[in-house]
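Before any comments, here is the structure.
Chain letters run A, B, ... following the sequence lines, proteins first, then strands; residues in each count from 1. Side chains included, hydrogens not; waters and symmetry mates left out as well; all remaining heavy atoms used.
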2 protein chains.
Amino acid sequence: MKEEDGPKMVEKKRSYGQHCTVARALDAVGERWTLLLVRELSTGPKRFKDLLGGLPGIGTNLLAGRLKALEAEGIVRRATLPPPAGSNVYELTGLGGELEPVIVALSRWGARLLDAPGEEDAVSAGWAAVAMRSALGPEASGGRPGTYGFRIDGEAFHVRVGHGGEEVEARQDPAPDPDLIVEGDAETFLAVASRRLSLEEAVQSGTLRTEGEQEGDREAFMAWCKHLIGSAAG
Amino acid sequence: MKEEDGPKMVEKKRSYGQHCTVARALDAVGERWTLLLVRELSTGPKRFKDLLGGLPGIGTNLLAGRLKALEAEGIVRRATLPPPAGSNVYELTGLGGELEPVIVALSRWGARLLDAPGEEDAVSAGWAAVAMRSALGPEASGGRPGTYGFRIDGEAFHVRVGHGGEEVEARQDPAPDPDLIVEGDAETFLAVASRRLSLEEAVQSGTLRTEGEQEGDREAFMAWCKHLIGSAAG
DNA sequence: CGGAATCCTCTTCGATACTG
DNA sequence: CAGTATCGAAGAGGATTCCG
């Protein structure tokens with residue numbers, strides 16, 4: 001049973017060793033940080049440094065190791081951005097992109113556990129994009145088609161809703177042609193998103209600004225928020 | 001920053017410390033073994049010993065610790081079975097049951113990674129029940145309403161399909177009123193479920209037996225199997 | 001700048017032994 | 001049967017360094 005340490009031991013991966021679909025999935029993406037890494041990449045390609053920023057506390061060695069493992073499993077791929085950027089980025093492959101239902105299910109379930117941000121909690125506007133995208137879907141009302149752009153603490157992202165509330169997409173980059181733009185600081189934005197503060201109040205007090213607002217856009221945005229924090233906020 | 005060890009240190013839980021729905025969910029159920037434990041309980045209440053059997057390699061201390069943590073978070077609850085059984089079991093709470101979409105999403109994604117069982121892989125018929133339950137759903141064709149009972153290697157479980165393919169349920173106990181019963185050994189059953197062997201061949205060779213079969217039941221069962229192993233088997 | 005490699009400490013895991 | 005206690009092994013997580 002014991003194997004001699006060859007010079008190039010292939011570093012066998014830890015596995016649950018169960019012939020089960022769930023266990024097999026967790027063998028691939030169940031380790032610590034891995035699904036959060038997929039979450040980061042689910043809103044678009046990212047550089048190593050961006051990923052470090054989006055995963056506070058991970059450490060460079062662990063991130064590099066996770067990326068390498070995911071690449072070996074065909075979930076993540078390295079790519080070079082077209083000029084003039086030309087930077088090396090990591091992005092999800094097709095297989096990796098198909099993890100979206102997993103992220104969505106986790107986000108929806110976790111929404112009911114998420115209360116107001118604690119003192120020590122890190123906050124990123126991009127995470128709200130994932131939550132918004134997950135809250136939407138075929139059965140969620142309020143999925144009014146359109147493109148909603150956000151610029152929160154200088155960080156841009158957008159959510160695009162297709163027809164019938166399906167084909168929802170969240171990306172961590174500026175919207176090309178937004179129907180509505182919401183701009184402001186993360187604290188206020190999160191307060192609105194979790195309905196601790198109404199959008200009207202935030203806009204009137206000047207802490208949040210909107211652009212290009214059409215009739216009903218604001219209501220559609222608020223309708224999302226009803227789904228962001230589940231039953232907790234009543 | 002350093003805190004003195006008080007006599008009743010509340011044993012702070014490790015957390016990603018991110019104000020994000022996904023991270024929050026993983027704080028609760030993202031540790032090693034935890035989601036597999038939820039999988040085990042998703043097919044019905046289980047005793048400590050049953051859980052140990054369904055999670056080979058977990059170690060008793062770790063299982064006890066996970067159960068305690070999940071109980072503290074309101075995901076799992078202890079219960080006593082009604083007489084004459086009277087045994088102590090663990091079961092999912094409402095909150096825990098709502099993790100089902102997470103299990104389903106993982107199972108569906110993991111299905112495409114699951115190939116033929118390796119030599120070292122543990123096998124359990126109950127896991128196939130979870131895979132079958134996950135493969136079904138609103139959008140999966142072939143969800144013919146009815147109750148399908150299985151007795152594989154002496155282990156009984158059943159899958160019940162409601163109207164329109166929704167309300168699918170998998171339980172690790174005998175079906176009360178099955179429309180179709182499939183009985184046999186795990187190896188053959190898994191071969192059929194993954195379409196490496198046709199049900200007809202298995203029945204004709206006597207390694208699998210069916211009872212109470214009605215017109216179309218067999219076809220409905222085979223239709224499931226098309227979803228068990230995704231694109232891999234073409 | 002992007003990322004890999006090293007070192008060291010701490011926590012968690014995993015197997016076994018032990019107790020109510 | 002249901003756990004607790006224990007201990008070696010493995011992984012996490014910082015800091016720092018090296019290399020292209």
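OP1 and OP2 of C:dT12 both lie 4.0 Å or more from every side-chain N or O belonging to B:W33. OP1 or OP2 of C:dG3 sits under 4.0 Å from a side-chain N or O of A:R78. OP1 or OP2 of D:dT4 has at least one side-chain nitrogen or oxygen of B:K68 nearer than 4.0 Å. For B:Y16, no side-chain nitrogen or oxygen approaches OP1 or OP2 of D:dG13 to under 4.0 Å. Contact annotation: B:R32 side-chain N/O to C:dG14 OP1/OP2 distance is under 4.0 Å.
Using modelled atom types and a 3.5 Å distance limit, the side chains of B:E155 and B:Q172 yield a donor-acceptor pair.
Between the side chain of A:N61 and the base of D:dG14, a donor-acceptor pair under 3.5 Å is found.
Place B:T60 and B:R66 on DNA chain C by their nearest nucleotides, and B:R66 ends up nearer the 5' end.
Ring geometry for A:Y16 versus B:W33: interplanar angle over 60°, hence perpendicular rather than tilted (30 to 60°).
In this structure, B:R14 atom CZ and D:dG13 atom C1' are separated by 9 Å, rounded to whole Å.
Taking every side-chain heavy atom of A:L62 into account, D:dG13 is the closest of D:dG13, C:dG14, D:dA2.
A salt bridge links A:R77 with A:E91: the distance from a Lys NZ or Arg NE/NH1/NH2 to an Asp or Glu carboxylate oxygen falls below 4.0 Å. In summary, B:R160 and B:D177 engage in a salt bridge, as defined by a charged side-chain N under 4.0 Å from a carboxylate O.
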